[in-house]
Student: 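So that we are looking at the same thing, I have put the structure below in structure tokens.
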Amino acid sequence: MDSGRGYLGKESKEMLVADKKEGIGACGWILVSLSVLFVLITFPFSIWMCLKIVKDYERAVVFRLGRIVSKRAKGPGLIIVLPCTDVFTRVDLRTVTSNIPLQEILTKDSITTQVDGVVYYKIYSAVCSVANVTDAHLATNLLAQTTLRNVLGTQSLSQILSGREEIAHNIQSILDNATSKWGIQIARVEIKDIRIPMEMQRAMAAEAESTRDARAQIIAAEGERNASEALKQASMVLVEAPSALQLRYLQTLATLATEKNSTIVLPLPMNMLQGFYKQ
């Protein structure tokens, strides 16, 4: 429903230009009559001058004696243009891709960065795009550059790096509101690349490395604490069952024997050797 309302609003704006037109006057009608008479006299040769083909993705805005003929553009298909009195302009309605050149921007936190982007737009009203602006494509491109600098100038570097999508939507809404009078609809805005000075890149890399080191130390400390708690619980189990210690010795010996061939020192309790000393 919202898109339908937006479309109706744009259709009403399209008619604003045509509603302002006035009649061509008596002299104008005389010239038009003479043009029609010339076509009839030179028929059928004049038909090749009058018939024009407009492609399916194009529209033709016809000016008769300098005034727009109808409220809506003509086409697609065959249209009739009177010689000497009518002039028409073709308007392409397909989506246009416009690259935003690399812009040098001073962010909110006083960091100089370079940002470029791309804008996708299309003309929905051929009459407005011809009558309301000299060059709709050039005006949209220049406005996109200015809007990109203005919007990114109010953001910090971290906000620009982390909020690309939100910033792109903000730029799109600003451009759409401004270009609706020109018969242009902004379909999408994307930020392509953000270039940061080498000094800032090294500083950010050092900050990220320090953060990773601090996180690694915290993880290692947590691991030591967990290991200490596990050893504490194991020692409590061994205290309750002294024979479990001997079993643990045997298990360790079995593990060492399978992995490495080496000299193994086996600790023995002194109580076992007291009997030999007495003998």
Student: From Gln103 CD over to Arg195 CZ, what is the distance, rounded to the nearest 0.5 angstrom?
Tutor: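 The distance works out to 12.0 Å.
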
Student: Is there a side-chain contact between Ile196 and Leu161 (heavy atoms, below 4.5 Å)?
Tutor: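 They are in side-chain contact.
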
Student: Let me check something: any side-chain donor-acceptor pairs from residues 76-97 under 3.5 Å, sequence neighbours excluded? List them with distances.
Tutor:
residue, atom, partner, partner atom, Å
Asp86, OD1, Arg64, NE, 2.9
Asp86, OD2, Arg64, NE, 3.4
Asp86, OD2, Arg64, NH2, 2.9
Asp86, OD2, Leu82, N, 3.0
Arg90, NH1, Ile53, O, 2.8
Arg90, NH1, Glu58, OE1, 3.3
Arg90, NH2, Ile53, O, 3.2
Asp92, OD1, Arg94, N, 2.9
Asp92, OD1, Arg94, NE, 3.1
Asp92, OD2, Arg94, NE, 3.1
Asp92, OD2, Arg94, NH2, 2.8

Student: Restricting to side-chain hydrogen bond (donor to acceptor under 3.5 Å, both in side chains), what partner residues turn up for Arg164, sequence neighbours left out?
Tutor: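 For Arg164 there are no side-chain hydrogen bond (donor to acceptor under 3.5 Å, both in side chains) partners, ignoring immediate neighbours.
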
Student: Is the shortest side-chain heavy-atom distance between Leu65 and Arg67 below 4.5 Å?
Tutor: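 When only atoms from C-beta onward are counted, Arg67 and Leu65 do not touch, as no gap falls below 4.5 Å.
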
Student: Residues in side chain to side chain contact (heavy atoms under 4.5 Å, CB included) with Asn150, at least two apart?
Tutor: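 Asn150 satisfies side chain to side chain contact (heavy atoms under 4.5 Å, CB included) with Thr146 once adjacent residues are dropped.
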
Student: So how far is it from Leu175 CG to Asn170 CG, rounded to the nearest 0.5 Å?
Tutor: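 Between atom CG of Leu175 and atom CG of Asn170 there are 9.5 Å.
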
Student: Heavy-atom count around Glu166 CD within 6.0 Å, excluding the residue itself: above 12?
Tutor: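 Not buried by this count: 12 neighbours or fewer within 6.0 Å.
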
Student: Can you see which heavy atom on Met49 is nearest to which on Lys52, and at what distance?
Tutor: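 Here Met49 and Lys52 meet closest at O-CE, 3.5 Å.
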
Student: Between Ile68 and Ala131, what is the shortest heavy-atom contact and its length?
Tutor: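 That closest heavy-atom pairing would be CD1-CB, 3.9 Å.
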
Student: If you measure from CD on Glu190 to CD on Glu165, what distance do you get to the nearest 0.5 Å?
Tutor: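 Nearest 0.5 Å value for the CD-CD distance: 8.0 Å.
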
Student: Provide the closest heavy-atom pair for Val61 versus Ala73 in the form atom of the first, atom of the second, distance.
Tutor: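 Taking every non-hydrogen atom into account, CG2-CB, 4.2 Å.
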
Student: Are side-chain heavy atoms of Val69 and Lys74 found at a separation under 4.5 Å?
Tutor: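 Counting from C-beta outward, Val69 and Lys74 do come under 4.5 Å.
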
Student: With the side chain counted from C-beta on, respond yes when Pro101 and Gln145 share a heavy-atom pair under 4.5 Å apart, and no when they do not.
Tutor: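 They are in side-chain contact.
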
Student: If we only count heavy atoms from C-beta on, is the Arg59 to Ile123 side-chain gap below 4.5 Å?
Tutor: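 Arg59 does not reach Ile123 side chain to side chain.
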
Student: Between Val151 and Val118, is there shared hydrophobic-cluster membership here, with clusters defined by ILVMFWY side-chain heavy atoms closer than 4.5 Å?
Tutor: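 No, because Val151 and Val118 fall into different hydrophobic clusters, even though each may have its own neighbours under 4.5 Å.
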
Student: How far does CD1 of Ile100 sit from CG of Leu148, to the nearest 0.5 angstrom?
Tutor: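 It is 5.0 Å, given to the nearest 0.5 Å.
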
Student: Kindly state each residue pair satisfying side-chain hydrogen bond (donor to acceptor under 3.5 Å, both in side chains) with at least one member in residues 107-118, sequence neighbours excluded.
Tutor: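 Qualifying pairs, neighbours excluded: Thr107-Asp109.
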
Student: Could you state the interatomic distance from CD1 (Ile105) to CD1 (Ile111), rounded to the nearest 0.5 Å?
Tutor: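 Reported to 0.5 Å precision, the distance equals 13.0 Å.
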
Student: Is there a donor-acceptor contact under 3.5 Å from the side chain of Tyr121 to the main chain of Asn141?
Tutor: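 Absent.
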
Student: CD/Gln172 to CG/Asn177 distance, rounded to the nearest 0.5 angstrom?
Tutor: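 Reported to 0.5 Å precision, the distance equals 10.5 Å.
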
Student: Going only through I, L, V, M, F, W and Y residues with side-chain contacts under 4.5 Å, is there a path from Phe43 to Leu51?
Tutor: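 Yes: a chain of side-chain contacts under 4.5 Å links Phe43 to Leu51.
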
Student: For the residue pair Thr140 and Ile186, establish whether any side-chain heavy-atom pair is separated by less than 4.5 Å.
Tutor: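 Yes, side chains in contact.
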
Student: Keeping to residues at least two apart or across chains, list the ring-ring contact (aromatic ring centres under 6.0 Å, His included) pairs with something in residues 159-185.
Tutor: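 Of all non-adjacent pairs touching residues 159-185, none passes ring-ring contact (aromatic ring centres under 6.0 Å, His included).
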
Student: Examine Ile167 and Ile194 and state if one hydrophobic cluster contains both, with Ile, Leu, Val, Met, Phe, Trp and Tyr joined whenever side-chain heavy atoms are less than 4.5 Å apart.
Tutor: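 Same cluster: Ile167 reaches Ile194 through Ile, Leu, Val, Met, Phe, Trp or Tyr contacts under 4.5 Å.
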
Student: Check whether Ser129 reaches the backbone of Ala126 with its side chain - one donor and one acceptor, N or O, closer than 3.5 Å.
Tutor: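 Confirmed, Ser129 side chain pairs with Ala126 backbone.
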
Student: For Asn99, check side-chain hydrogen bond (donor to acceptor under 3.5 Å, both in side chains) against everything at least two apart and list the hits.
Tutor: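 Result, side-chain hydrogen bond (donor to acceptor under 3.5 Å, both in side chains) vs Asn99: none returned.
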
Student: Report yes if some heavy atom in the side chain of Phe63 is under 4.5 Å from a heavy atom in the side chain of Val130; otherwise report no.
Tutor: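 Side chain of Phe63 against side chain of Val130, heavy atoms only: contact under 4.5 Å found.
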
